[in-house]
Amino acid sequence: MAEVVVVADKEAAGELAAESIQALIAAKPDAVLGLATGSTPLPVYRALARRVAAAGTDVSHVRGYALDEYVGLPAGHPESYRAVITREVVEPLGLTPSLIHVPNGAIATIEHAGADYEKAIAESGGVDVQLLGIGTDGHIGFNEPGSSFASVTRVKTLTEQTRKDNARFFASEDDVPMHCITQGLSTILRARHLLLLAFGEGKAEALAGAVEGPVSASNPGSAIQLHPHVTVLVDEAAASKLRNIDYYRYAYAHKPAWQKL
Ligand code: F6R
């Protein structure tokens, strides 16, 4: 089962996740990071940027693969995930831009963009740690409800709920693209460690479904139950619908000193 860690706030979650990622980079300087976008991972990137600067960690060989991208946004659009990853991750951390990959959402090459991305991930040796947020409808990556557990990187249609949720990044809901290209659930499950973060009451139901609900394509986040190494970092509000919360707190309080996240 997932290790569920309830933290005081998103900054505390960011510190814990960043500590784990920094240790990974120290042990494996060309580590492959699975990068999520959206609001959730921002405290992780901020904490990691501070930590690597303070410790002088060499991140020049770190590789990265983003989870997803919108289809059809003009190149350089500030809300394209390529632009977001550059702004929030590559620049603050000082990563090497050519080693950081985002699925290609350009229409001209979209038919083979998914297969190209799968090939690139496989050739990298696979993702060491995959950061994940979760949508209010339970999506991880942009695998909306009904996505196959066997799915790989491909084009999906965003749900109306997701377009509403993401309208805050655009001038209006109509400006949120209809389609995206996203790693599949099977792609995500191939990463060696999944680090899922969720904050706020709005995520409580989706999070409880992912961690404790039936494993079902109707709830894509529940795919994490099929993975042997999952860490879930949540604040009290996002944890509020977990039934086994007392056990998670108990297990974390008694975590063996030698065991990492
Ligand atoms: C982003 C992604 C999505 C988000 C999810 C939550 O790359 O794949 O699954 O993690 O939509 O978004 P936020 O973090 O903005 O609440």
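Indexing begins at 1, ligand by ligand and atom by atom, following the structure's order.
Salt bridge status for Lys241 with Glu201: absent, with no side-chain N to carboxylate O gap under 4.0 Å.
The main-chain N or O of Leu233 is never found under 3.5 Å from a side-chain atom of Glu3 such that the two would form a donor-acceptor pair. Without hydrogens or angle criteria, Glu69 side chain to Thr182 main chain gives no donor-acceptor distance under 3.5 Å.
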Enumerate the pairs of nitrogen or oxygen atoms, one from ligand 1 and one from the protein, separated by less than 3.5 angstrom; state names and distance to 0.1 Å.
| from | atom 1 | to | atom 2 | distance (Å) |
| --- | --- | --- | --- | --- |
| ligand 1 | 7 (O) | Thr37 | N | 2.9 |
| ligand 1 | 7 (O) | Thr37 | OG1 | 2.7 |
| ligand 1 | 7 (O) | Asp68 | OD1 | 2.8 |
| ligand 1 | 7 (O) | Asp68 | OD2 | 3.4 |
| ligand 1 | 8 (O) | Asp68 | OD2 | 2.5 |
| ligand 1 | 8 (O) | Gly141 | O | 3.3 |
| ligand 1 | 9 (O) | Gly141 | N | 3.4 |
| ligand 1 | 9 (O) | Gly141 | O | 2.6 |
| ligand 1 | 11 (O) | His139 | NE2 | 2.7 |
| ligand 1 | 14 (O) | Ser39 | N | 3.2 |
| ligand 1 | 14 (O) | Thr40 | N | 2.9 |
| ligand 1 | 14 (O) | Thr40 | OG1 | 2.4 |
| ligand 1 | 15 (O) | Ser39 | N | 2.9 |
| ligand 1 | 15 (O) | Ser39 | OG | 3.4 |
| ligand 1 | 15 (O) | Arg168 | NH2 | 2.8 |
| ligand 1 | 16 (O) | Lys203 | NZ | 2.7 |

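A search for ring-ring contact (aromatic ring centres under 6.0 Å, His included) contacts involving Tyr65 returns His101, Tyr117, not counting sequence neighbours.
Arg243 approaches Glu212 most closely through the heavy-atom pair N-OE1, 2.7 Å.
In summary, the side chains of His61 and Thr96 do not present any donor paired with an acceptor at a separation below 3.5 Å, with no hydrogens or angles considered.
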